[in-house]
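First comes the structure, then the notes that go with it.
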Amino acid sequence: QVQLVESGGGLVQPGGSLRLSCAASTNIFTFNAMGWYRQAPGKERELVAHITPGGDTTYAGSVQGRFTISRDNAKNTVYLQMNSLKPEDTAVYYCNLLRRLLQGSWGQGTQVTVSS
């Protein structure tokens with residue numbers, strides 16, 4: 001079993017920045033693509049960004065140019081740098097394996113609130 005713990009969320013003003021962290025209990029990032037997801041109230045969970053074992057990254061159109069996903073295999077940690085935050089970015093952010101069959105359970109996530 002793999003344990004994933006998200007952190008780094010908080011309350012920021014529009015235009016502000018946050019860096020989210022996803023710490024894994026093992027070095028699963030070496031062989032698995034990882035994704036950052038978010039879920040806003042009343043909406044389904046959506047994929048925001050993902051990174052492959054080779055380091056290739058992909059972003060949702062709504063965050064491209066503002067968010068950056070990265071990985072530090074030595075620390076078993078995936079990051080999501082969020083800049084130029086907008087109120088519509090408000091959501092609970094989760095990290096998980098990109099492959100649905102390997103996702104297992106979801107963690108608690110970390111709350112990001114963008115409000116003036």
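Remember, it's a predicted structure, so these values are computed and weren't measured experimentally.
- Using modelled atom types and a 3.5 Å distance limit, the side chains of Arg38 and Tyr93 yield a donor-acceptor pair.
- Minimum interatomic distance between Pro14 and Ser116 (heavy atoms only, all atoms of both residues): CD-N, 3.7 Å.
- A continuous path of hydrophobic side-chain contacts links Val78 to Leu102 [ILVMFWY only; heavy atoms under 4.5 Å].
- Between Glu6 and Tyr94, the closest heavy-atom pair is OE2-CA, 3.4 Å.
- Leu4 places a side-chain heavy atom less than 4.5 Å from the side chain of Asn96.
- Side-chain N or O atoms of Ser25 include one that pairs as donor or acceptor with a backbone N or O of Gln3 at under 3.5 Å.
- Annotation: side chain of Asp56 is not in contact with side chain of Ile51 (no heavy-atom distance under 4.5 Å).
- Of the inter-residue distances, the one linking Arg19 atom CZ with Met82 atom CE reads 11.5 Å to the nearest 0.5 angstrom.
- Surrounding CD of Gln108 are at most 12 heavy atoms belonging to other residues, nucleotides or ligands under 6.0 Å away.
- Remark: the backbone N or O of Phe29 is not paired with any side-chain donor or acceptor of Asn32 at under 3.5 angstrom.
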Point to revise | Test log, rule side chain to side chain contact (heavy atoms under 4.5 Å, CB included), inputs Tyr79 and Leu20 | key: CA-CA 5 Å; Tyr79 304 95; Leu20 307 183; over 6 Å; no
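- Using a 4.5 Å cut-off on side-chain heavy atoms (C-beta onward), Pro53 and Phe31 make no contact.
- Across every non-hydrogen atom of Ile28 and Leu97, the tightest pair is CD1-CD2, 4.0 Å.
- Val92 and Leu11 fall into different hydrophobic clusters, defined by Ile, Leu, Val, Met, Phe, Trp and Tyr side-chain heavy atoms under 4.5 Å apart, directly or through other members.
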Check your understanding: Should His50 and Trp36 be marked as a side chain to side chain contact (heavy atoms under 4.5 Å, CB included) after you check the CA-CA gap, both sets of side-chain angles, and the distance that decides it?
Key -> CA-CA 6 Å; His50 75 263; Trp36 277 101; over 6 Å; no
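- Contact annotation: the side chain of Gln103 approaches that of Trp106 to within less than 4.5 Å [non-hydrogen atoms, C-beta and beyond].
- A 4.5 Å side-chain heavy-atom check between Tyr37 and Leu98 finds at least one atom pair inside the cut-off.
- Thr77 and Asp72 are not linked by any side-chain donor-acceptor pair at a separation below 3.5 angstrom, with hydrogens and angles left out of the test.
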Exercise for review: Might you work through the side chain to side chain contact (heavy atoms under 4.5 Å, CB included) test for Thr90 and Glu88, ending with a clear yes or no?
Suggested key: CA-CA 5 Å; Thr90 297; Glu88 51 262 43; over 6 Å; no
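- Using a 4.5 Å heavy-atom threshold, the side chains of Ser17 and Gln81 count as touching.
- Using modelled atom types, one side-chain atom of Thr110 and one backbone atom of Gly9 make a donor-acceptor pair closer than 3.5 Å.
- Tracing side-chain contacts under 4.5 Å through hydrophobic residues (I, L, V, M, F, W, Y), one reaches Leu85 starting from Leu80; they form part of the same cluster.
- The shortest side-chain heavy-atom distance between Tyr59 and Ile69 falls under the 4.5 Å cut-off.
- Annotation for Leu18 and Val112: closest pair CD1-CG1, 3.9 Å, computed over non-hydrogen atoms.
- Side chains of Arg66 and Ser84 form a contact here, defined as non-hydrogen atoms less than 4.5 Å apart.
- The environment of CD in Gln111 is crowded: more than 12 heavy-atom neighbours from other residues, nucleotides or ligands sit within 6.0 Å.
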